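Inspection log for the structure reproduced underneath, given as structure tokens.
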There are 2 protein chains.
Amino acid sequence: MTRKKVKLAYINNDSSRKATYKKRKKGLMKKVSELSTLCGVDACAIIYNPYDTQPEVYPSPAGVHRIVTKFKKMPEIEQSKKMVNQETFLKQKISKVSEQVKKLKKENRDKEMNRLLYGNLSEAAMEGRLEPSKSS
Amino acid sequence: MTRKKVKLAYINNDSSRKATYKKRKKGLMKKVSELSTLCGVDACAIIYNPYDTQPEVYPSPAGVHRIVTKFKKMPEIEQSKKMVNQETFLKQKISKVSEQVKKLKKENRDKEMNRLLYGNLSEAAMEGRLEPSKSS
DNA sequence: TTATCTATATATAATGC
DNA sequence: TGCATTATATATAGATA
């Protein structure tokens, strides 16, 4: 049974989008609640869906108001410093991959050095790491 | 290696609380981002931690402001209707368990009826469903 | 439509560097 | 402190009732 492997894009099918929304909203609210409890932080979430004029909030309208008021008092420039968004995620992922690349390159250099010193070509060749560098 | 089984309560140990905060905040922001994308909803999150004066927000300060403004325009009573919080979670759990209890009771009645009609005591007894009702 | 059921995907606690 | 690993726990897509 193939169950998942969802691409991160707007779900066109109405019923499945709604179903996903319901499940994920519940999960999200639980996560916010857990973070608050475990780490003693003040957190809130507001979700507007197109099916409803009212937003769904955590922890409560009053709680949201209190946090929002705190937030509004802060100058926008200060707020930006701690912004967390998709761009940040992507950047994190990129730097992680870059690190891996660096590590692999070093590994290759070591292998190559080994080959030159001891003529141990077979092992490296087996691992497919010695393809001639194509003219790119 | 025993790895997890965390109770949902404030983590006293400073370093592990901070580590947990970092991980879970990241996960949470990702979840908000995914919900927005998958379901095309307008969502935001604000997290204040004690280690920092600035909150961490999704999707951006401007986005939060926009959503928050929408929220503020709404009368409080309307807001309450769609409140999702821990109380709601608990209520949901309770009603789910209540349903189970109802189902099991019905099952027991059926079993008992069967016994009376056909004298098929053994099966029901094996399943441990025929304990005498205690005076409670 | 809502609820339940599982196979899988994802998140994350503990650990070592 | 932060990052990487990995064993587990949790979330959830898809199917079914």
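Chain A is the first sequence line, chain B the second, and so forth, proteins listed ahead of strands; every chain is numbered from 1. Everything numeric in this text was worked out from a predicted model, so none of it was measured.
- Rounded to a whole Å, the NZ atom of A:K18 is 16 Å from the P atom of D:dA13.
- Applying the 4.0 Å criterion to OP1 and OP2 of D:dT12, one finds that B:K31 has a side-chain N or O inside that range.
- Residues forming a side chain to side chain contact (heavy atoms under 4.5 Å, CB included) with B:K23 (at least two apart in sequence, or on another chain): none.
- Evaluation of atom-type donor-acceptor distances gives no pair under 3.5 Å for the side chain of B:K26 against the base of C:dA11.
- Rounded to an integer number of Å, the gap from NZ of A:K7 to P of C:dT10 is 15 Å.
- Between the side chain of B:Y58 and the main chain of A:A45, no donor-acceptor pair closer than 3.5 Å is present.
- Comparing atom distances between the B:E34 side chain and each of C:dA3, C:dA11, D:dA13 picks out C:dA11 as nearest.
- Following rounding to the nearest Å, B:I11 (CD1) and C:dA14 (C1') show an atom-to-atom distance of 12 Å.
- Taking side-chain N and O atoms only, A:K23 has no distance below 4.0 Å to OP1 or OP2 of D:dG14.
- Nucleotide C:dT2 holds its C1' atom 13 Å from the NZ atom of A:K25, rounded to whole Å.
- From A:L35, atom CG reaches atom NZ of B:K25 across 9.5 Å, with rounding to the nearest 0.5 Å.
- Considering B:N13, B:D14, B:T20 in turn, B:D14 is the only one that fulfils the side-chain hydrogen bond (donor to acceptor under 3.5 Å, both in side chains) rule with B:R17.
- Heavy atoms of A:S16 sit nowhere under 4.0 angstrom from any nucleic acid atom.
- At whole-Å resolution of the value, CG in B:L35 and C1' in D:dA13 are 15 Å apart.
- The interatomic distance linking B:N13 (CG) with C:dT15 (C1') rounds to 14 Å, in whole Å.
- Overall, the helix from C:dT2-D:dA17 to C:dC17-D:dG2 carries an axis bend of 30° between its ends, with five pairs at each end and the value rounded to 10°.
- Atom-to-atom, CZ of B:R24 to P of D:dA9 comes out at 14 Å; the value is rounded to the nearest Å.
- Put simply, the side chain of B:S33 never gets that close to the backbone of B:M29: no donor and acceptor are under 3.5 Å apart.
- Side-chain contact between A:R66 and A:D42: present, with at least one pair of heavy atoms (C-beta onward) separated by less than 4.5 Å.
- Side-chain heavy atoms closer than 4.5 Å link hydrophobic residues (I, L, V, M, F, W, Y) into clusters, and following such links, even through other members, never connects B:Y10 to A:V41.
- Within 4.0 Å (heavy atoms only), B:S15 reaches no atom of the nucleic acid at all.
- Following rounding to the nearest Å, B:K30 (NZ) and C:dT12 (C1') show an atom-to-atom distance of 12 Å.
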